[in-house]
Each structure stands twice: as structure tokens, then as C-alpha cells.
Amino acid sequence: IDSLDVCRVYRSFAGALRNWGTGYWKQRRISDALDRLKEAVSMEEKIISHQSIGDTTANGETIQAKESMAQMLGILGCLYVEYQMVELRSFKNSKNSFQRALQIYGEIGYDASHPSVLWVVSNLDSVHVMEIKSKAVPPPPPPPPTPPPSKKQSTETTAAEEDLNETID
């Protein structure tokens with residue numbers, strides 16, 4: 001078995017982890033999805049760190065690993081803000097994932113007009129807006145409703161209204 005075969009096995013394992021994570025995401029099991037996708041990113045990092053730059057076939061595998069890692073970081077960025085429980089959301093982790101994905105896309109050579117880069121930038125902007133909205137002071141609650149008048153009050157009001165009507169006539 002040569003290093004290229006090992007790389008392909010690792011890439012296959014990273015792909016399985018990615019699929020597992022996205023399956024959890026579809027089931028709304030965000031915490032489990034985050035765990036599997038982080039493992040997949042870690043696997044892609046291992047592939048990248050073990051490849052030699054001079055080997056052109058390994059370099060192709062490295063680029064694929066970087067593209068895959070950037071895509072998974074984008075997914076992680078989305079997941080970090082999808083928690084239903086507000087206290088578990090992490091705008092910081094989301095922004096870090098998107099920024100890291102942008103960095104990787106830059107290393108690969110994607111320019112600012114590439115669809116993957118545009119998607120990451122758009123999501124990064126959305127996370128920024130969501131973070132600002134989450135820190136905004138909510139409006140005060142509406143005043144409590146006034147209770148309906150009691151029968152005694154309604155009778156007194158009616159008598160007062162009659163006196164007023166007699167004065168006007």
C-alpha cells in the first residue's frame with residue numbers, strides 16, 4: 001500500500017463521517033452532527049498534513065482535501081447557529097468556521113467571485129446580523145390589560161351620564 005492509497009482510504013473515511021454528520025443534521029441532532037463533522041474536518045487536516053508538496057498526485061489529493069474541509073467548515077458554521085436552545089448557539093464558532101473556510105478557499109486559489117466563496121461570505125454576513133439582533137434590547141412588554149368595570153362603577157357612570165344629558169337638554 002502506498003501513500004496515495006492511504007490518502008484515499010482517509011478521504012473515504014472523512015466522506016463517511018461527513019455523510020454521517022449531514023444525516024444527523026437532517027434529523028435535527030445538531031450536537032451529534034457537529035461531532036461527526038468535526039471528526040471529518042480533523043481527518044481532512046491529517047490528509048493535508050501528511051501529503052508531500054512535490055508529489056503532483058498527492059498535491060491533487062491535498063487540494064481535494066482542502067476543498068472538502070472548507071465545505072465542511074461552512075456546514076459547521078451553519079450548524080453552530082442552528083441550535084434550538086439559545087444558550088448553546090455560538091456565533092463566535094460559526095464566524096471562526098466561515099473565516100477558516102474563506103482562508104482555505106484563498107489558499108486553493110478561489111477568487112472573491114467563486115460561488116463557494118460567495119456562499120461563505122453571505123453566510124458570514126448573516127451570522128453577523130443574527131449576532132447583532134441577539135444582543136439588541138427587546139422592546140418592553142405591553143401594559144397589562146385594564147380590568148372591565150364592575151357593575152357598581154357602570155351604574156355610577158350611567159347616573160353621571162344621565163345628569164350630563166339632563167344638563168345639556
Side-chain angles (χ1 to χ4, degrees), residues 1-140:
I1 238 177
D2 65 1
S3 66
L4 190 56
D5 289 334
V6 171
C7 179
R8 287 183 180 140
V9 169
Y10 282 156
R11 297 270 352 271
S12 201
F13 185 56
L17 288 168
R18 177 185 183 159
N19 291 342
W20 195 3
T22 55
Y24 279 145
W25 185 10
K26 289 178 182 179
Q27 295 172 359
R28 308 304 303 151
R29 294 172 58 183
I30 303 298
S31 183
D32 293 329
L34 285 168
D35 291 341
R36 293 302 81 74
L37 287 167
K38 286 178 193 176
E39 289 176 28
V41 167
S42 177
M43 185 62 61
E44 296 291 6
E45 285 174 332
K46 287 179 185 176
I47 295 166
I48 293 165
S49 68
H50 286 79
Q51 295 303 311
S52 74
I53 305 286
D55 184 2
T56 55
T57 55
N59 196 25
E61 291 292 322
T62 301
I63 290 173
Q64 287 179 352
K66 284 184 175 186
E67 286 175 335
S68 178
M69 190 166 82
Q71 290 168 358
M72 284 185 276
L73 286 166
I75 294 169
L76 281 169
C78 292
L79 287 173
Y80 281 121
V81 294
E82 278 203 25
Y83 270 117
Q84 294 300 317
M85 298 185 328
V86 175
E87 64 273 7
L88 296 178
R89 286 188 188 142
S90 176
F91 296 111
K92 179 182 177 185
N93 288 345
S94 180
K95 287 197 270 186
N96 287 342
S97 292
F98 285 127
Q99 289 167 346
R100 201 162 152 219
L102 280 176
Q103 178 186 0
I104 292 169
Y105 283 137
E107 291 171 7
I108 296 171
Y110 288 6
D111 65 5
S113 65
H114 191 280
S116 296
V117 173
L118 293 173
W119 180 82
V120 170
V121 169
S122 172
N123 281 299
L124 189 56
D125 291 344
S126 295
V127 169
H128 181 70
V129 168
M130 289 184 337
E131 183 178 29
I132 289 171
K133 285 183 178 180
S134 74
K135 292 178 182 177
V137 177

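- Heavy-atom minimum distance, Cys78 versus Phe98: N-CZ, 3.6 Å.
- Between Gly21 and Leu37, the shortest heavy-atom contact is CA-CG, 4.2 Å.
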> Run the side-chain contact (heavy atoms from CB on, under 4.5 Å) check on Leu76 and Leu34 step by step: do they pass?
Replying inline: CA-CA 7 Å; Leu76 281 169; Leu34 285 168; 3.5 Å; yes
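- For residues 10-20, the pairs satisfying salt bridge (Lys or Arg N to Asp or Glu O under 4.0 Å) are Arg11-Glu44, with sequence neighbours left out.
- Sorted by first and then second residue, the salt bridge (Lys or Arg N to Asp or Glu O under 4.0 Å) pairs involving residues 107-122 (not counting sequence neighbours) are Lys66-Glu107.
- Separating the OG atom in Ser97 from the OH atom in Tyr80 is a distance of 5.0 Å, to the nearest 0.5 Å.
- Annotation for Ala101 and Ala70: closest pair CB-O, 3.5 Å, computed over non-hydrogen atoms.
- Here His114 contributes atom NE2 and Trp119 contributes atom CH2; the two are 13.5 Å apart, rounded to the nearest 0.5 Å.
- In this structure, Thr62 and Ile47 have side chains that are not in contact, with every pair of non-hydrogen atoms separated by 4.5 Å or more.
- In Phe91, the CZ atom is crowded: over 12 heavy atoms of neighbouring residues, nucleotides or ligands sit closer than 6.0 Å.
- Panel note: side chain Ser12, backbone Arg8; no donor-acceptor pair is recorded below 3.5 Å.
- Looking at every heavy atom in both residues, Leu118 comes nearest to Ser113 through CD1-O, 3.5 Å.
- No more than 12 heavy atoms of other residues, nucleotides or ligands sit less than 6.0 Å from atom CZ of Phe13.
- Atom CD1 of Ile108 is separated from atom CD of Gln64 by 10.5 Å, given to the nearest 0.5 angstrom.
- For the atom pair CD1 (Ile63) and CD1 (Ile104), the distance works out to 13.0 Å, reported to the nearest 0.5 Å.
- In this structure, the separation between CG on Leu17 and OG1 on Thr22 is 10.5 Å, given to the nearest 0.5 Å.
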Only pairs under 3.5 Å count here: list side-chain donor-acceptor contacts from residues 125-133, not counting sequence neighbours, and write none if there are none.
from, atom 1, to, atom 2, distance (Å)
Ser126, OG, Ser122, O, 3.1
Glu131, OE1, Lys95, NZ, 2.5

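- Nearest heavy-atom pair across Ser94 and Gly77 is OG-O, 2.6 Å.
- Minimum heavy-atom separation, Val81 to Ser90: CG1-O, 4.3 Å.
- Residue Ser68 holds its OG atom at 9.5 Å from CG of Leu73, rounded to the nearest 0.5 Å.
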